[in-house]
Amino acid sequence: MNLTKNYTKILYPKEPYNFDSTIYHPPHYPSKLEIYETGKYWFALKLRRKIYGIKMEDRGTIENPRIKLTIFSKFVLSKEILKKIIEEIKFRFEFDRDLSEFSKKFSKDAILSNLIIKYRGMHGSCSNELYGLLMIGILLQNTVVKRTVQMTNLMLEHYGTKVNFDNKEIYAFWNPEDLIKISEEELKNLKVGYRAKLFLRLSNTFVKEKIDELELRKLPPKKIKKEILKLYGVGPETARILLHEAFHFYGIFEHVSPWQQKILSKLIFNKKLVPTKKIINYVNRKYGKWAVLAVKYIWEDIFWQREQGKKIAWLEKEIRL
DNA sequence: CATCAGGGCCCTG
DNA sequence: CAGGGCCCTGAT
């Protein structure tokens, strides 16, 4: 799919806004879904079954954020569509979210004070729609990162859409209504194992029950969590991923998986293994409605350090690639 | 060579 | 609520 028409607009996120640490996530596994360079980001935006090429460029500073957005499409876009795309970008990258309270409130916190300076203006962000992120959640389950990467790429090459714009080549996720036409056997040939069944069952649910991400966003977080936990194959960890990344909720911190437990025990308590209940209670008591963001700052930092070449022996042991 | 757990979840007892 | 099974892979 070649996207040749393009539209540009300058956007002004609420300050403080840190482009690079918001957009790019060192803890995430690499995929063909996005391309990042310092100050630049490309991805394929899916919105109501349509695909648009998105390029974002940092043209400002943390205190005076300014982002150049270029939207690529196959056909001429109406003003209304452009407006909807921009609204969606603002939501997914938290352009309008005010973090000044967070920055102020924890400026003397033993763990966060340095990180709030180092990553000042880092927001949550997610380039995927709910369905795509759900697919990623399934691809992460019960395996090592290397295999997740392999399964993701194979699935995208077979059923995703290859999108070309701005001299970049990126993949977009398949639509649920297209995937359900594929047989479980064929999916299994891509070595996704028992996930084949999950992909099909979830896609069926999305088609049949017409799960509407925009409608879900209007519900209170507890209710959303309850709804997404009903999805077959979605348990506490996948629900956490969706709630934090697709729905941008900072207030619900109720689950820590075993490998996260090891890393957070070390980073927050400097201990080998603290019970997850203790971690959860501590974080909630200390950071309240900012709990998820607080953990995000801690989490992203250690992976940024790793990305920049710092060797952290105990961490390498926990990140099984 | 065989065995096993991995960036979970469902189902059963 | 504990524990077995799930697909496949690479580490041991």
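Order of the sequence lines sets the chain letters (A, B, ...), proteins ahead of strands, with each chain counted from 1.
Taking atom CG on N142(A) and atom P on dC6(C), their separation rounds to 12 Å, with Å as the unit. Nucleotide dC10(B) holds its P atom 8 Å from the CD atom of Q141(A), rounded to whole Å. Here the P atom of nucleotide dG8(B) and the CD atom of E254(A) are 18 Å apart, to the nearest Å. Rounded to an integer number of Å, the gap from OH of Y194(A) to P of dC6(C) is 12 Å. Here dG7(B) presents its P atom at 15 Å from CD of Q150(A), a figure rounded to the nearest Å. In this structure, CG of L154(A) is placed 14 Å from C1' of dC7(C), rounded to the nearest angstrom. Rounding to whole angstrom units, CG of residue L139(A) and P of dT9(C) are separated by 14 Å. Rounded to a whole Å, the CZ atom of F199(A) is 14 Å from the C1' atom of dC6(C).
Ion pairing between E37(A) and K168(A) holds under the 4.0 Å rule for side-chain N and carboxylate O. Between E318(A) and K266(A) no salt bridge is recorded (no basic side-chain N to carboxylate O distance below 4.0 Å).
Comparing dC7(C), dG8(B), dG6(B) by their closest approach to the side chain of W259(A) singles out dG8(B). Listed candidates were dC6(C), dG7(B), dG10(C). Nearest to the side chain of K146(A) is dG10(C). Here dG7(B) is the nucleotide among dG7(B), dG6(B), dG8(B) with the atom lying nearest to any side-chain atom of L140(A).
Within the 4.0 angstrom heavy-atom criterion, only backbone atoms of the sugar-phosphate kind lie near P236(A); the bases stay farther away. Residue contacts for L231(A): at a heavy-atom cut-off of 4.0 Å it reaches the sugar-phosphate backbone alone, with no base atom in range. Y29(A) comes within contact range of no nucleotide atom at all, as no heavy-atom separation falls under 4.0 Å. Looking at heavy-atom distances under 4.0 Å, G235(A) makes contact with sugar-phosphate atoms alone, never a base.
A gap of 11 Å separates the P atoms of dG4(C) and dA5(B), to the nearest Å. dC6(C) and dT3(B) have their P atoms separated by 16 Å, with the value rounded to a whole Å.
Remark on DNA chain B: of its neighbouring residues V145(A) and L229(A), the 5'-side contact belongs to V145(A), judged by nearest-heavy-atom nucleotide. Take the nearest nucleotide of DNA chain B for K262(A) and for G233(A): the residue whose nucleotide is more 5' is K262(A).
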- Message: Run the side-chain contact (heavy atoms from CB on, under 4.5 Å) test on I54(A) and L69(A) for me, step by step, so that the C-alpha distance in whole Å, both residues' side-chain angles and the decisive distance to 0.1 Å come before the verdict.
- Response: CA-CA 7 Å; I54(A) 300 293; L69(A) 170 71; 3.6 Å; yes
- Task: Take F102(A) and Y297(A) through the test ring-ring contact (aromatic ring centres under 6.0 Å, His included) and record every step on the way to the result.
- Result: CA-CA 11 Å; F102(A) 172 76; Y297(A) 272 60; 5.1 Å; yes
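Looking at R147(A), its side chain comes within 3.5 Å of the base of dC7(C) through a donor and an acceptor atom.
Contact check, T238(A) against dC9(B): a side-chain N or O comes under 4.0 Å of OP1 or OP2.
Under a cutoff of 6.0 Å and an axis angle of 45°, R97(A) and Y250(A) form a cation-pi pair.
Under the 3.5 Å distance criterion, with hydrogens and angles disregarded, a donor-acceptor pair is assigned to the side chains of Y36(A) and D20(A).
The partner of dG7(B) is absent, by the rule that a Watson-Crick or G-U pair needs both atom distances under 3.5 Å.
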